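Note sheet for the following structure.
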Amino acid sequence: MNAEVVTIGLGYVGLPTSALIASHETKVLGVDINQKIVDTINQGKIHIIEPDLDEIVSKVVSNGFFRASTKASSADVYLIVVPTPFKGNHEPDVSFIEAATKGIIPLLKKGDLYIIESTSPVGTTEKMQKLIFASRPELEGTIHIAYCPERVLPGNVMHELIENDRVIGGIDEAATQKAISFYSKYVKGQLHGTNARTAEMCKLVENSSRDVQIAFANELSLICDKADINVWELINLANKHPRVNILQPGCGVGGHCIAVDPYFIVSDYPIESKIIGTAREVNNYKSFWCAEKIQNEKLQFELKNGRKPKTALMGLAFKPNIDDLRESPAKYIAQKVLQNSNNEEHFIVEPNIESHSVYKLTEYKEAVNKADIVVFLVAHREFLGLEIKEEKIIMDFSGVNKK
Ligand SMILES: NC(=O)c1ccc[n+]([C@@H]2O[C@H](COP(=O)([O-])OP(=O)(O)OC[C@H]3O[C@@H](n4cnc5c(N)ncnc54)[C@H](O)[C@@H]3O)[C@@H](O)[C@H]2O)c1
């Protein structure tokens, strides 16, 4: 197959993106270093959970518009959709983008379009431009380099890929226009042109904005705990003001975007990013605080009742109704509580996964029935409106019982 588009990275974003493009009868070669992923896709199957994606992949593989490989081949458009994790000190790790770029440099030819979609620290696109021209100086001024971040919400990716507005920043105006013209074939949302640095910062700022707003709610929850005020009721009442919209507190902030991307700003602009950095600290502290509160409650129980309590930890995922545990504050809290445990019994509950490599999971109703202390870490739908006997101690960090 002579591919028109090569996507590097076939994960939560790269695979749906490839499938969408291929569904428009554009020939796509998807590249991943993971042979198992490549084999699964070439059988017309998928390795991630995402509604509607299986059907589309099966169709585009069988009609020949999509194929996966561990090796890239020549195309007209290259999309880089590999992970951008952080290193030990919360510094962004762009080595995956670098490796993916190096892999396609020998294939580039005049007129090609190279786009980074991975969430990236500011300056990454320029850095890759330098990397490309250092080994292929003859291409300077002849290829188009751009950055176009992804904003999809897992669970609704196929819809959002098409409908969301996109921010597209080229290294120069010609690259921006070329990239806009490429996406316009597949995206119905508006395509907003800018430069690469602004587009990179835009993605980081979107997630930092969410993080800062959640930190405000989490800070309120700490204040209200001390002031003996129900934070859920307070926020509900404050939000009756026509220009106030406070988010809901939780047991921290998790996931691979909101809990990660702000560090890409803090790491590069530490002096200037006071609020963004503090928000990260507040949200991390909230998880630590929850773990300490649980510990304290358990000690109080033992003092009062002369026996150790049984504790149910309700939820491990990073947000309600999903099976994703990446950077999950609930998982962190469970870990801390178990570390400090003195042989008392705990029931770990996560209704969205069948089993866990570390934790023995308990069915949620059984856990609630057996526990003395029931701790709601995540507001999964199964937990809403659960009937819990009056004598049990309820610790609600997720708003399951909010007024
Ligand atoms: N998942 C989301 O909801 C989401 C939303 C917006 C933005 N993003 C961003 O998109 C990027 C990709 O995220 P994801 O969730 O799809 O990641 P992922 O971990 O699901 O998938 C990445 C894939 O890239 C592959 N890979 C790594 N290095 C490679 C290389 N050199 N060559 C070929 N394949 C390689 C991995 O094997 C993996 O399958 C990240 O920067 C992420 O922050 C993700």
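The shown structure was predicted, so the numbers you read here are calculated from the model rather than taken from an experiment. Whatever order the structure lists them in is the order used to number ligands and atoms, beginning at 1.
The heavy atom nearest to atom 11 (C) of ligand 1, considering only Val82, Thr7, Thr84, is found in Val82.
The protein heavy atom nearest to atom 26 (N) of ligand 1 is Ile33 CG1, 3.8 Å. Atom 15 (O) of ligand 1 has as its closest protein heavy atom Tyr12 CB, 3.5 Å. Protein heavy atom closest to atom 37 (O) of ligand 1, with residue, atom name and distance, is Asp32 OD1, 2.6 Å. Remark: minimum distance from atom 2 (C) of ligand 1 to any protein heavy atom is reached at His256 NE2, 3.1 Å. Summary of contacts: the protein heavy atom closest to atom 31 (N) of ligand 1 is Ala100 N, 3.8 Å. Closest to atom 19 (O) of ligand 1 among all protein heavy atoms lies Pro83 CG, 3.9 Å. The protein heavy atom nearest to atom 44 (C) of ligand 1 is Val13 CG2, 3.4 Å. Given atom 6 (C) of ligand 1, the protein heavy atom at minimum distance is Glu150 O, 3.2 Å.
Within ligand 1, the atoms closer than 4.0 Å to a non-hydrogen atom of Ile37 are 39 (O), numbered from 1 in the order shown. Of all atoms in ligand 1, listed by their number and element, those nearer than 4.0 Å to a heavy atom of Ile8 are 32 (N), 33 (C). Interface of Phe96 with ligand 1, defined as ligand atoms under 4.0 Å from a residue heavy atom, comprises 27 (C), 28 (N). Listed by number with element, the atoms of ligand 1 under 4.0 Å from a non-hydrogen atom of Pro154 are 3 (O). Residue contact check: Gly11 has heavy atoms under 4.0 Å from atoms 16 (O), 18 (P), 20 (O), 21 (O), 23 (C) of ligand 1. Under a 4.0 Å criterion applied to the non-hydrogen atoms of Lys203, ligand 1 contributes the atoms 6 (C), 7 (C).
Glu382 and Lys365 are not joined by a salt bridge, as no carboxylate oxygen comes within less than 4.0 angstrom of a charged side-chain nitrogen. Under 4.0 Å is where a charged nitrogen must lie from a carboxylate oxygen, and between Asp54 and Lys45 no such pair does. The residues Glu390 and Lys392 are annotated as not salt-bridged, no charged nitrogen and carboxylate oxygen being separated by less than 4.0 angstrom. The pair Lys298-Glu344 meets the salt-bridge criterion, since a charged nitrogen lies less than 4.0 angstrom from a carboxylate oxygen. Comment: Lys27 does not engage Glu4 in a salt bridge, judged by the lack of any side-chain N to carboxylate O separation of less than 4.0 angstrom.
By the 3.5 Å distance cut-off applied to N or O atoms, Thr119 is counted among the residues near ligand 1.
With rounding to the nearest 0.5 angstrom, the CG atom of Asn296 is 8.0 Å from the CE atom of Met395.
One side chain, Gln213 or Ser209, offers a donor N or O that lies under 3.5 Å from an acceptor on the other. Using modelled atom types and a 3.5 Å distance limit, the side chains of Asn352 and Asn321 yield no donor-acceptor pair.
Counting heavy atoms under 4.0 Å from ligand 1, residue Ile48 does not touch it at all.
Tested against Phe383 for a side-chain contact (heavy atoms from CB on, under 4.5 Å), the candidates Val374, Val368, Val400 yield a single pass: Val400.
Distance check for atom 17 (O) of ligand 1: every protein heavy atom is found at 4.0 Å or beyond.
Using bins of under 30°, 30° to 60° and over 60° for the plane-to-plane angle, the ring pair Tyr186/Phe182 lands in the perpendicular bin. The aromatic rings of Tyr263 and Phe86 lie perpendicular to each other, with more than 60° between the two planes, well past the 30° mark.
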